[in-house]
Undergrad: 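Pasting a structure below so you can have a look.
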There are 2 protein chains.
Amino acid sequence: MSVAVENFIKAIYKNGVQDNKDTKPGNIAKKLGISNAAATDMAKKLATRDLLHYKKYQALELTEKGTKLAINLVRKHRLWEALLFKLFDMSLHDIHREAELLEHQTSDFLANKISAYLRNPKFDPHGDPIPSEKGHIIRDNNTFPLSKSKEGKTYIISRLLSDEKEFFDFCALHGLKCGNSITVTNQLQFNKMTQIYINNNTLLLNEDFTNIIFVKEINSDSNSSPEPTQNNYKLF
Amino acid sequence: MSVAVENFIKAIYKNGVQDNKDTKPGNIAKKLGISNAAATDMAKKLATRDLLHYKKYQALELTEKGTKLAINLVRKHRLWEALLFKLFDMSLHDIHREAELLEHQTSDFLANKISAYLRNPKFDPHGDPIPSEKGHIIRDNNTFPLSKSKEGKTYIISRLLSDEKEFFDFCALHGLKCGNSITVTNQLQFNKMTQIYINNNTLLLNEDFTNIIFVKEINSDSNSSPEPTQNNYKLF
DNA sequence: AAATAATTTTAAGTATACTTAAATTTTATT
DNA sequence: AATAAAATTTAAGTATACTTAAAATTATTT
């Protein structure tokens, strides 16, 4: 399975399941930085390999085989992130960038070794769930975006859903990290901004940020998960 | 730089510097499992990219740029082997196989992180020297093949020069491992076999093996190197 | 030194993964 | 419902990294 094919399948999976965007060839092409024509070509080819269903002018849908491949890649990606984060004290953005390459060259054998070494972690340093070897993905309903939080309450950060360097730089700068606690001091209705208190500082965050920073109630340790914690974003 | 190009350059480097075979396209092709025609094509193309010198019907020679690329890959390969061996208790053959893939997807940044984490090791678990970030390779004249050892003496195993599973399986089975000590009980002249004593067992090894198992004198800790130790095989 | 063998190169062709540009189809607008 | 805009598909073409088969060159044998 080539890297191009793997990335194509993963892009469909992520658009469909995680980002809730549609999976027409054009959207996948944009995500991967290739032409629409290339995406259509690839879609047709992968349909013959039973990785996805292709109907002209319609959204692409992964087959079971395609979905398994995508989840397997996501597993490897997140295991690498967890390992690199633990061993090397790298930033969230750096571990993402390296994992994006390593995931394609990782045997199931090695993935299991990494997982065992880390004691089969359920979440990576972004708070994203790590699929099990069999493809099962934990779904936690106790976590929700900061935009839905309530004024005056204190929460634990549970997930940072992004892969953009600027966002992670901002988070690192202000102590926004899975496991840390924040207090919501103000939910401004008129401009949809949220004021929070963290590390003795006050921050004002707009919707772009409060939609991708996830939090949970302080006592909701339903799943006894480790530091980088919980989530409920659509992953199945 | 594609994986195919990287492997091509590395094959020239290894044939030339380590295995002492010649580097005509045919030998490189055999090593990589591609056709002679493909090797010639590739050689011509890489000559235009200043990675090697190409003259019809002659051996390929890496340029300085090509040599640097090869050494950088060897560095990443051996760092991965050292890391995987330390973390995951994998066999010498397994770490080689995984490193062979990972080396191509490893940034210099990550390689340096791995090196620092391992406290800048000078040797990998096979006893092969790990090139420094700048490309310097330790050369140790105190180590030599078991075939050149003397009857009755006891040595420390310093290097296992191979990438064949069968060899490593044999080594693992009999405790042949860098850092372990062996006593040469017999050097048989007539059939070039060597009898050794290791782990309370006697083994009879033929030339194929005694040429790729390297040892050093017990007190020759000239370079204060760690367990997987020393070497003097041609690497520059 | 000529003949034979082995190796290398050239030539022609294939699969993958793209590109741009034009044609087609769908979606949105009025 | 017709038209304009947007997206998708088709068509033609490119670069990479190979293949096999034939031609050219080098190396070996007698």
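In what follows, chains carry the letters A, B, and so on, assigned in the order in which the sequence lines appear, proteins first and then strands, with residues in each chain numbered from 1.
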Undergrad: In whole angstrom, give the distance that lies between atom NZ of B:K55 and atom P of D:dA24.
TA: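 Value for this atom pair: 23 Å.
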Undergrad: Starting at the 5' end of DNA chain D, which residue's closest nucleotide do you reach first, B:K56 or A:D22?
TA: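 Residue closer to the 5' terminus by nearest nucleotide: A:D22.
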Undergrad: In whole angstrom, what separates B:M42's CE from C:dT10's P?
TA: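 Atom CE in B:M42 sits about 16 Å away from atom P in C:dT10.
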Undergrad: Can you measure B:K30 atom NZ to D:dC18 atom P for me and round it to whole angstrom units?
TA: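 That distance rounds to 18 Å.
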Undergrad: Check whether the side chains of B:H53 and B:E61 place a donor and an acceptor atom closer than 3.5 Å, and report yes or no.
TA: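 No, no side-chain donor-acceptor contact under 3.5 Å.
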Undergrad: Closest to the A:I34 side chain: D:dT8, C:dC18, D:dT19?
TA: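 Taking heavy atoms from C-beta onward, the closest nucleotide is C:dC18.
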Undergrad: How many whole angstroms separate atom CG of A:N36 from atom P of D:dA6?
TA: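 From A:N36 CG to D:dA6 P: 14 Å.
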Undergrad: Of the nucleotides C:dT9, D:dT19, D:dT9, which has the atom closest to the B:P25 side chain?
TA: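 Side chain of B:P25 sits closest to C:dT9.
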Undergrad: Side-chain donor-acceptor pair under 3.5 Å between B:K68 and B:N72, yes or no?
TA: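 Per modelled atom types, B:K68 and B:N72 side chains form no pair under 3.5 Å.
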Undergrad: Within 45° of the axis and under 6.0 Å from the centre of the six-membered ring of B:F123, does NZ or CZ of B:R159 qualify?
TA: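 Here B:R159 fails the 6.0 Å and 45° test against B:F123.
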Undergrad: Please figure out whether B:N27 or A:V3 has its closest DNA chain C nucleotide nearer the 5' end.
TA: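 That would be B:N27.
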Undergrad: Rounded to the nearest angstrom, tell me the gap between atom NZ in A:K45 and atom P in C:dA17.
TA: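 Atom NZ in A:K45 sits about 4 Å away from atom P in C:dA17.
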Undergrad: Verify the contact: side-chain N or O of B:T40 to OP1 or OP2 of C:dT10, cut-off strictly under 4.0 Å; return yes or no.
TA: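 For C:dT10, OP1/OP2 do not have a side-chain N/O of B:T40 under 4.0 Å.
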Undergrad: Classify A:F8 by what it touches in the nucleic acid, base, sugar-phosphate, or nothing, heavy-atom distance under 4.0 Å.
TA: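 Nothing: the residue A:F8, judged by heavy atoms under 4.0 Å, touches no strand.
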Undergrad: Rounded to the nearest angstrom, tell me the gap between atom CG in A:L60 and atom P in D:dT8.
TA: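 Answer to the nearest Å: 9 Å.
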Undergrad: What is the distance, to the nearest angstrom, from the CG atom on B:D41 to the P atom on C:dT14?
TA: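 Between P of C:dT14 and CG of B:D41: 16 Å.
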Undergrad: Closest approach to the side chain of A:Y57, judged atom by atom: which nucleotide of C:dT25, C:dA17, D:dT19 is it?
TA: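 The answer is C:dT25.
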Undergrad: If you look at every strand shown and take non-hydrogen atoms under 4.0 Å, does A:A4 touch a base, only sugar-phosphate, or nothing?
TA: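 Counting heavy atoms under 4.0 Å across all strands, the contact made by A:A4 is with sugar-phosphate only.
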Undergrad: Is any NZ, NE, NH1 or NH2 atom of the basic residue among B:K10 and B:E103 found under 4.0 Å from an Asp or Glu carboxylate oxygen of the other?
TA: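 Salt bridge: yes.
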Undergrad: Considering every strand and a 4.0 Å limit on heavy-atom distances, what is the contact class for B:A37: base, sugar-phosphate, or nothing?
TA: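 Answer is base: heavy atoms of B:A37 come under 4.0 Å of a base.
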Undergrad: Measure from the side-chain N and O atoms of B:K21 to the backbone N and O of B:N15, and report whether any donor-acceptor pair falls under 3.5 Å.
TA: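 Absent.
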Undergrad: Within less than 4.0 Å of OP1 or OP2 of C:dC18, is there a side-chain N or O belonging to A:S35?
TA: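 It does not, given that no N or O in the side chain of A:S35 lies less than 4.0 Å from OP1 or OP2 of C:dC18.
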Undergrad: Between atom NZ in B:K44 and atom P in C:dT9, what is the gap in whole Å?
TA: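 From B:K44 NZ to C:dT9 P: 8 Å.
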